[in-house]
Visitor: 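Sending over a structure as structure tokens; questions will come in a sec.
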2 protein chains.
Amino acid sequence: MARNRAKMTFLENNTSRKATFRKRKEGLMKKASELSILCGVAVAVIIEGEYSSVPEVFPREDVGSVIDKWDKLSQADKDKKMVNHEKYLKQRIEKAKEKLNKVNKENREMEMKELMFDCLRNKTAPCFLGPNELRDLGVFIDQYIKILSRRIETLTNNQGSSSTSVVPAAAGTTSVAMPTAAMGSSSTGFNNMIEENMNEIPNVKDFDLNRCSEE
Amino acid sequence: MARNRAKMTFLENNTSRKATFRKRKEGLMKKASELSILCGVAVAVIIEGEYSSVPEVFPREDVGSVIDKWDKLSQADKDKKMVNHEKYLKQRIEKAKEKLNKVNKENREMEMKELMFDCLRNKTAPCFLGPNELRDLGVFIDQYIKILSRRIETLTNNQGSSSTSVVPAAAGTTSVAMPTAAMGSSSTGFNNMIEENMNEIPNVKDFDLNRCSEE
DNA sequence: CTGTCTATCTTTAGCAG
DNA sequence: CCTGCTAAAGATAGACA
């Protein structure tokens with residue numbers, strides 16, 4: 001996993017597999033050692049090598065004591081803890097998918113936001129938008145206005161004399177059915193609010209899909 | 001091990017120790033998983049947590065099969081493989097020390113080389129050198145000249161008409177007792193040779209001592 | 001094969017919500 | 001307690017000696 005990102009599959013090439021085995025075994029042992037030292041816990045690592053007839057074993061007084069404790073557990077406890085590799089990987093895939101969905105959602109939101117502010121700047125919606133996109137944009141703007149309204153309400157009610165410059169009470173909770181049209185004639189107060197928010201248009205986040213395929 | 005380098009000791013702070021434990025446990029499991037996949041070997045990791053009553057266990061069909069194989073080994077094989085943590089760390093320290101010595105040696109050599117070429121440039125030895133340093137420098141230059149002579153011999157004997165421009169046969173194998181004096185009146189041939197070598201004066205290498213203290 | 005180098009990729013300590 | 005972020009340290013694949 002350097003120079004060029006390798007995909008996470010069995011290494012067919014004999015030479016490189018063995019080289020990788022040696023290197024990564026060292027790395028794993030080191031990590032185990034560090035975890036053991038930093039957190040004061042016993043750690044045992046057993047690697048059943050195709051390269052060494054005898055399993056490679058890591059640290060801690062003797063591996064036996066750690067193993068013994070494992071052996072003495074009830075079967076129920078073992079079942080609970082003994083995640084096999086496939087389950088482990090499935091768990092990781094699930095987590096990765098969740099993250100992917102979340103980031104995709106965030107991306108969509110941000111694109112919407114950018115689009116919305118573009119509309120405001122040009123006083124019209126981009127001509128490349130289809131009916132579906134326009135509807136989605138409308139829904140998004142509705143929600144956005146609601147959020148802004150709620151915030152305005154909170155701020156005016158709780159701390160009317162706050163130093164934070166907030167637009168008094170324009171563009172209330174009215175839902176905008178056809179937003180692009182509505183925005184073309186928005187009030188001055190609303191425009192001020194827009195100005196303030198212009199600065200915080202975030203960039204579309206990136207999400208590395210390879211991280212999913214790797215796990 | 002980010003932002004600021006932490007020393008490798010038990011984490012006294014309860015909160016950060018637990019946080020580190022969780023993070024590093026995940027990391028260790030991931031590494032184990034990867035090693036298992038890439039090299040097609042069975043790997044078992046058992047972590048006896050102070051945070052979980054039951055040991056944390058990693059992958060591979062069932063950990064039991066890996067453990068069983070370990071259990072079935074002869075005591076002799078076990079002793080051979082069952083390096084305890086202290087031994088493991090001592091081994092690493094040994095290796096680190098060897099590396100340190102090696103790098104120190106290289107550094108000294110390179111400093112000598114630089115010094116030598118400084119002498120040649122200025123046609124005299126730096127005034128800050130004590131008798132011992134001068135003697136060491138003399139010894140070094142002796143050796144250097146010998147190496148050069150040997151190379152010249154090889155090249156002139158084996159490929160006298162080679163395209164490689166090499167000084168014919170100056171500054172033979174004569175040992176220089178007081179090198180700085182001798183060099184002040186060196187032959188033109190030798191000076192040419194020096195010119196050629198000027199380009200390859202290497203920088204003094206660095207060696208991170210922290211890497212030793214950490215292990 | 002065993003060790004060394006280094007450009008890249010991955011892990012993680014310390015913070016901020 | 002947990003989650004997410006990020007700068008910095010660590011790990012390592014591929015090439016080479």
Side-chain angles (χ1 to χ4, degrees), chain A residues 1-39 45 49 51-52 92 95-96 98-103 105-107 110 202-203 205-215, chain B residues 1-35 37-39 45 49-52 91-92 94-103 105-107 202-203 205-215:
Chain A
M1 102 223 346
R3 296 301 170 94
N4 44 8
R5 185 196 288 263
K7 52 193 163 149
M8 193 42 78
T9 55
F10 179 72
L11 297 170
E12 303 293 347
N13 182 302
N14 250 336
T15 314
S16 67
R17 187 171 67 256
K18 186 162 186 179
T20 292
F21 180 75
R22 269 194 304 107
K23 286 177 177 178
R24 277 175 175 264
K25 177 161 68 65
E26 278 312 300
L28 189 63
M29 295 296 186
K30 184 175 180 188
K31 288 283 186 196
S33 169
E34 290 182 348
L35 177 60
S36 173
I37 293 172
L38 288 172
C39 304
V45 175
Y51 313 107
S52 57
R92 300 204 59 191
K95 271 197 181 175
E98 276 169 30
K99 197 170 180 178
L100 175 60
N101 282 334
K102 191 180 162 195
V103 174
K105 209 169 165 183
E106 282 171 11
N107 275 355
M110 279 188 286
N203 287 325
K205 270 191 189 172
D206 225 339
F207 186 72
D208 190 351
L209 287 177
N210 288 321
R211 292 204 126 174
C212 291
S213 68
E214 173 192 318
E215 327 186 15
Chain B
M1 98 223 348
R3 297 301 171 94
N4 43 8
R5 184 196 290 261
K7 51 192 163 146
M8 193 39 80
T9 57
F10 179 72
L11 297 170
E12 303 292 346
N13 182 304
N14 250 334
T15 313
S16 66
R17 186 171 68 255
K18 186 160 185 181
T20 293
F21 180 75
R22 270 194 303 107
K23 286 178 178 179
R24 277 176 175 263
K25 177 162 68 66
E26 278 311 302
L28 189 64
M29 296 295 187
K30 184 176 180 187
K31 288 285 183 195
S33 169
E34 291 182 349
L35 177 61
I37 293 172
L38 288 172
C39 304
V45 175
E50 56 170 327
Y51 312 107
S52 57
Q91 281 172 11
R92 300 204 59 188
E94 270 317 301
K95 270 197 181 176
K97 277 185 183 167
E98 275 169 32
K99 196 169 182 180
L100 176 59
N101 282 333
K102 190 180 160 193
V103 175
K105 210 170 165 183
E106 283 173 11
N107 274 355
N203 287 326
K205 270 192 189 172
D206 225 338
F207 186 73
D208 190 351
L209 287 177
N210 288 321
R211 293 205 127 175
C212 291
S213 67
E214 173 192 317
E215 328 188 12

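We name chains A, B, ... by the order of the sequence lines, and we start the count at 1 in each one. All values below come from the heavy atoms of this structure, side chains included, with hydrogens, waters and symmetry mates left out.
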Visitor: Show each protein N/O and nucleotides 14-17 of chain C N/O combination with a separation under 3.5 Å, one pair to a line.
Guide:
{"from": "C/dG14", "atom 1": "O6", "to": "B/Lys23", "atom 2": "NZ", "distance (Å)": "3.0"}

Visitor: For A/Lys102, run the side chain to side chain contact (heavy atoms under 4.5 Å, CB included) check against A/Glu98, A/Lys99, A/Glu106 and tell me which one passes.
Guide: A/Glu106

Visitor: When you get a sec, tell me which of C/dC1, C/dT10, D/dT3 is the closest nucleotide to the side chain of A/Lys18?
Guide: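 Selected nucleotide: C/dC1.
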
Visitor: Rounded to whole angstroms, how far apart are CG on A/Leu38 and C1' on D/dG10?
Guide: 14 Å

Visitor: Picking from C/dC1, D/dA11, C/dT10, which would you name as closest to the side chain of A/Lys30?
Guide: D/dA11

Visitor: When rounded to the nearest 0.5 angstrom, what distance separates CD in B/Glu94 from NZ in B/Lys97?
Guide: 5.5 Å

Visitor: Roughly how far, to the nearest 0.5 Å, is the CE atom of A/Met29 from the CZ atom of B/Arg92?
Guide: 11.5 Å

Visitor: Please state how far atom CE in A/Met8 lies from atom C1' in C/dC9, giving the value in whole angstrom units.
Guide: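 Those two atoms, CE and C1', are 12 Å apart.
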
Visitor: Taking only residues two or more places apart in sequence or in another chain, which ones pass side chain to side chain contact (heavy atoms under 4.5 Å, CB included) with A/Leu28?
Guide: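 Listed in chain order: A/Val45, A/Ile47, B/Leu28, B/Lys31, B/Ala32, B/Leu35, B/Val43.
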
Visitor: Toward the 5' end of DNA chain D, which comes first, A/Arg24 or B/Arg22, by nearest nucleotide?
Guide: B/Arg22

Visitor: Using five base pairs at each end, measure the axis-to-axis angle across the helix from C/dT2-D/dA17 to C/dG17-D/dC2 and round it to 10 degrees.
Guide: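 Helix axis angle between the two ends: 30°.
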
Visitor: Expressed as a whole number of angstroms, how long is the span from A/Met29:CE to D/dG10:C1'?
Guide: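 Atom CE in A/Met29 sits about 18 Å away from atom C1' in D/dG10.
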
Visitor: Please report the interatomic distance CD(B/Glu26) to OG(B/Ser33), rounded to the nearest 0.5 Å.
Guide: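 The distance works out to 11.0 Å.
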
Visitor: Is there a side-chain polar atom (N or O) of B/Lys99 under 4.0 Å from OP1 or OP2 of C/dG3?
Guide: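 False: B/Lys99 side-chain N/O out of range (4.0 Å or more) of C/dG3 OP1/OP2.
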
Visitor: Rounded to the nearest 0.5 Å, what separates atom SG in B/Cys39 from atom CZ in A/Arg22?
Guide: 11.0 Å

Visitor: Quickly work out the A/Lys7 NZ to D/dG14 P distance and round it to whole Å.
Guide: 11 Å

Visitor: List for me each residue that meets side chain to side chain contact (heavy atoms under 4.5 Å, CB included) alongside B/Asn13, sequence neighbours excluded, and say none if there are none.
Guide: B/Thr15, B/Ser16

Visitor: Rounded to whole angstroms, how far apart are CG on B/Leu35 and P on C/dT11?
Guide: 14 Å

Visitor: Nearest-Å distance, NZ (A/Lys95) to P (D/dC2)?
Guide: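 From A/Lys95 NZ to D/dC2 P: 12 Å.
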
Visitor: Could I get the full list of side chain to side chain contact (heavy atoms under 4.5 Å, CB included) partners for B/Leu11, not counting sequence neighbours?
Guide: A/Leu38, B/Arg17, B/Thr20

Visitor: In Å, rounded to the nearest 0.5 Å, how long is the span from CD of A/Glu34 to NZ of A/Lys30?
Guide: 5.5 Å

Visitor: Separation of A/Glu12 atom CD from D/dA13 atom C1', in whole Å?
Guide: 17 Å

Visitor: Which whole-number value in Å describes the distance from A/Lys25 NZ to D/dA13 P?
Guide: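 The distance from NZ of A/Lys25 to P of D/dA13 comes to 14 Å, rounded to the nearest Å.
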
Visitor: Quick check on DNA chain D: between A/Leu11 and B/Lys31, whose nearest nucleotide comes earlier from the 5' end?
Guide: B/Lys31

Visitor: Reckon A/Lys102 touches a base, only the sugar-phosphate, or nothing at all at heavy-atom distances under 4.0 Å?
Guide: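 If one applies the 4.0 Å heavy-atom cut-off, A/Lys102 turns out to touch the sugar-phosphate alone, with no base involved.
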
